[in-house]
Visitor: 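Okay, handing you the structure first.
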Amino acid sequence: MSTRAFITGVSGTELTAAEREFIRAERPWGFILFKRNVAAPAQVAALVAELRAVANAPDAPVLIDQEGGRVQRLGPPHWPVYPPGAVFATLYDTDSALGLTAAHLSARLIAADLADLGITVDCLPLADVPVPGADAVIGNRAYGTEPGKVAAIARAVTEGLEQGGVLPVLKHIPGHGRATADTHFKLPTVDTPRDELERTDFAPFKSLADLPMAMTAHVVFSAVDPAHPATTSATMIADVIRGAIGFQGLLMSDDVSMNALSGNIAERTRAIFAAGCDVALHCNGNIEEMRDVAGQTPELSGRALERAKAALAARKPPQPLDRAAAHAELDALIARANTASA
């Protein structure tokens with residue numbers, strides 16, 4: 001059965017009648033979960049199963065933002081607290097091998113948690129390179145401030161997720177690290193020259209261009225397109241994301257409902273597809289906005305469909321894991337990182 005080129009959130013821990021009707025009628029390609037959708041393991045697993053059943057799509061991707069640190073939709077008392085990316089960066093500076101091991105372990109354990117629930121995609125890793133003076137929205141989520149280190153840690157995270165049977169989403173392409181505003185609320189403009197961007201911000205993404213999926217940044221890069229954020233810029237997508245960076249996987253927008261984008265929800269959605277994104281992402285579970293997104297979303301077809309199929313086909317069976325031993329090793333490495341940063 002054909003699907004529409006969008007990923008949708010839902011409003012709560014169970015589907016409403018209106019949401020069931022919407023999913024059946026509009027056939028989203030995938031779904032994304034947030035804290036409002038999470039109460040307990042059995043409930044989350046049931047919600048995930050129902051999303052796929054209502055969509056009549058047993059392989060529909062179900063996404064979540066489970067990074068660790070302050071961006072973690074699953075948490076206590078049912079799930080562990082995982083470290084933010086900055087912990088891996090600190091450990092990497094002490095011993096690069098240990099930093100990569102910790103990043104891999106954390107992602108592998110996160111993948112195990114997600115696989116238990118039927119969640120197949122994690123919006124991770126970040127390849128953003130923050131700079132002094134940037135907004136704190138990235139902050140300690142980042143894997144450091146040096147592009148090579150960021151790329152190395154992001155690769156370790158990617159491999160940890162993949163070994164656990166979970167697909168990664170590279171974000172926020174082509175880079176959110178210089179943004180001086182939180183794109184949930186305002187559109188930031190980066191005026192850095194392109195040659196410097198290619199040496200810094202774009203470089204980790206180029207190293208990770210083989211990943212199956214990526215999420216755009218709602219950030220204007222005035223050296224390339226002074227009028228539009230990357231998400232709605234045909235120039236940024238063709239020249240930078242597909243061109244200079246070389247990413248050829250499935251490109252999804254960041255959340256349509258974030259206020260960095262201008263216009264109403266329908267206008268934003270049209271702009272996302274006109275620019276060259278493959279899939280639109282809508283997160284807040286507002287049924288009226290969901291309908292506006294669906295009304296402007298095409299069938300998933302052509303090159304976008306090929307990329308979507310290739311992304312899902314990249315998912316691997318999970319490898320065996322001794323969770324207790326892995327948690328113990330990760331805890332020891334986190335303690336070492338905390339000692340190094342003290």
Side-chain angles (χ1 to χ4, degrees), residues 4-9 28-30 32 63 65 123 126-129 134-135 137-138 169-192 194 197 201-202 204-205 208-209 211 213-284 289-290 292-294 296-298 300 303-304 307-308 311:
R4 304 281 285 282
F6 74 106
I7 297 164
T8 191
W29 179 68
I32 187 165
L63 294 71
D65 291 285
C123 298
L126 273 75
D128 304 307
V129 183
D135 188 89
V137 66
I138 298 299
V169 176
L170 178 63
K171 62 186 187 186
H172 306 80
I173 197 168
H176 205 299
R178 292 182 190 269
T180 54
D182 183 341
T183 51
H184 290 88
F185 308 110
K186 186 178 178 182
L187 175 64
T189 296
V190 170
D191 293 323
T192 305
R194 177 162 177 168
L197 290 169
D201 303 55
F202 301 168
F205 292 95
L208 298 157
L211 267 63
M213 292 182 277
M215 181 187 294
T216 61
H218 294 337
V219 177
V220 170
F221 295 88
S222 63
V224 182
D225 183 344
H228 305 95
T231 302
T232 58
S233 170
T235 302
M236 283 296 303
I237 290 174
D239 186 24
V240 175
I241 295 175
R242 299 296 192 193
I245 289 172
F247 176 74
Q248 297 303 317
L250 184 80
L251 185 66
M252 67 181 72
S253 73
D254 204 345
D255 185 10
V256 178
S257 64
M258 291 164 68
N259 288 328
L261 299 183
S262 59
N264 60 36
I265 296 295
E267 291 166 340
R268 297 175 189 185
T269 305
R270 285 198 299 271
I272 283 167
F273 289 112
C277 287
D278 297 315
V279 173
L281 174 67
H282 182 261
C283 295
N284 67 19
E289 289 190 10
M290 290 158 64
D292 287 342
V293 170
Q296 303 301 322
T297 296
L300 190 57
R303 193 71 186 89
R307 292 179 181 128

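All residue numbers refer to positions in the sequence shown, counting from 1.
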Visitor: Heavy atoms only: give me the nearest Pro226-Val220 pair and the separation to one decimal.
Guide: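 Minimum heavy-atom contact is O-CG1, 3.8 Å.
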Visitor: First locate atom CD1 of Ile272, then atom NE2 of His282, and finally report the distance between them rounded to the nearest 0.5 Å.
Guide: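 These two atoms lie 10.0 Å from each other.
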Visitor: Go through the steps to decide whether Met252 and Ile32 satisfy the test side-chain contact (heavy atoms from CB on, under 4.5 Å), and finish with yes or no.
Guide: CA-CA 12 Å; Met252 67 181 72; Ile32 187 165; over 6 Å; no
Visitor: Considering all heavy atoms of both residues, which atom of His176 and which atom of Ala181 are nearest to each other, and what is their separation?
Guide: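 Heavy atoms only, the tightest pair is CE1-O, 4.2 Å.
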Visitor: Please test His228 against Met236 for side-chain contact (heavy atoms from CB on, under 4.5 Å), starting from the C-alpha separation and ending with a verdict.
Guide: CA-CA 9 Å; His228 305 95; Met236 283 296 303; over 6 Å; no
Visitor: Any heavy-atom pair between the side chains of His218 and His184 that's under 4.5 Å?
Guide: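 They are not in side-chain contact.
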Visitor: Looking at every heavy atom in both Ala217 and Gly175, which two are closest together, and how far apart are they?
Guide: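 Smallest heavy-atom distance, with atoms named: CB-O, 3.9 Å.
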Visitor: Working to the nearest 0.5 angstrom, can you tell me the gap between Lys186 NZ and Asp135 CG?
Guide: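 Rounded to the nearest 0.5 Å, the NZ-CG separation comes out at 10.0 Å.
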Visitor: Can you find a heavy atom in the side chain of Asp225 that is under 4.5 Å from one in the side chain of Phe221?
Guide: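 With C-beta onward as the side chain, the pair stays apart.
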Visitor: Can you tell if the side chain of Val256 reaches within under 4.5 Å of the side chain of Gln296, non-hydrogen atoms only?
Guide: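 A side-chain contact under 4.5 Å is absent here.
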Visitor: Pick one: which of Cys277, Ser233, Pro174 meets side-chain contact (heavy atoms from CB on, under 4.5 Å) with Ile241?
Guide: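 Considering Cys277, Ser233, Pro174, a side-chain contact (heavy atoms from CB on, under 4.5 Å) with Ile241 is found only for Pro174.
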Visitor: Rounded to the nearest 0.5 Å, how far apart are CG of Asp182 and CG of Leu187?
Guide: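 Result: 12.0 Å between the selected atoms.
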Visitor: Strictly distance-based, threshold 3.5 Å: is any side-chain N or O of Arg242 a donor or acceptor partner for the main-chain N or O of Phe247?
Guide: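 Yes; at least one donor-acceptor contact below 3.5 Å.
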Visitor: So Leu126 and Ile138, do their side chains get closer than 4.5 Å, heavy atoms only?
Guide: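 Yes. Closest side-chain heavy atoms under 4.5 Å.
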Visitor: Would you mind reporting whether Thr183 and Val137 have side-chain heavy atoms less than 4.5 Å apart?
Guide: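 Of all side-chain heavy-atom pairs linking Thr183 with Val137, none is under 4.5 Å.
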Visitor: Looking at Thr180 and Pro188, what are the two nearest heavy atoms and their distance?
Guide: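 Closest approach of Thr180 to Pro188: N-CB, 3.9 Å.
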Visitor: May I ask you to say whether Asp255 pairs ionically with Lys171, meaning some side-chain N is under 4.0 Å from a carboxylate O?
Guide: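 Salt bridge: no.
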Visitor: How many angstroms lie between atom CG of Asn284 and atom CE of Met258, to the nearest 0.5 angstrom?
Guide: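 If I round to the nearest 0.5 Å, the distance is 11.5 Å.
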Visitor: So Thr269 and Asp292, side-chain contact (heavy atoms from CB on, under 4.5 Å) or not? Walk me through it.
Guide: CA-CA 8 Å; Thr269 305; Asp292 287 342; over 6 Å; no
Visitor: Any donor and acceptor pair, going by atom type alone, linking the side chain of Arg178 with main-chain N or O of Val190 inside 3.5 Å?
Guide: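 Flag not set: sc Arg178 to bb Val190 has no pair under 3.5 Å.
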Visitor: Taking atom NE2 of His172 and atom CG of Asp201, what is their separation to the nearest 0.5 Å?
Guide: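 If we round to the nearest 0.5 Å, His172:NE2 and Asp201:CG are 13.5 Å apart.
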Visitor: Minimum heavy-atom separation for Ala179 and Val219, please, with both atom names.
Guide: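 Between these two residues, the closest heavy atoms are CB-CG2, 4.2 Å.
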Visitor: Could you give me the CA-CA distance, side-chain angles and deciding distance for Arg194 and Val224, then say whether side-chain contact (heavy atoms from CB on, under 4.5 Å) is met?
Guide: CA-CA 7 Å; Arg194 177 162 177 168; Val224 182; 4.0 Å; yes
Visitor: What is the distance from atom CE of Met290 to atom CZ of Phe6, rounded to the nearest 0.5 Å?
Guide: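 Output value for this atom pair is 7.0 Å.
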Visitor: Tell me which one of Leu211, Val240, Ile173 satisfies side-chain contact (heavy atoms from CB on, under 4.5 Å) with Phe205.
Guide: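 Exactly one option meets the side-chain contact (heavy atoms from CB on, under 4.5 Å) with Phe205, and it is Ile173.
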Visitor: Compare every heavy atom of Ala5 with every heavy atom of Leu300, then report the nearest pair and how far apart it is.
Guide: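 Here Leu300 and Ala5 meet closest at CD1-CB, 3.8 Å.
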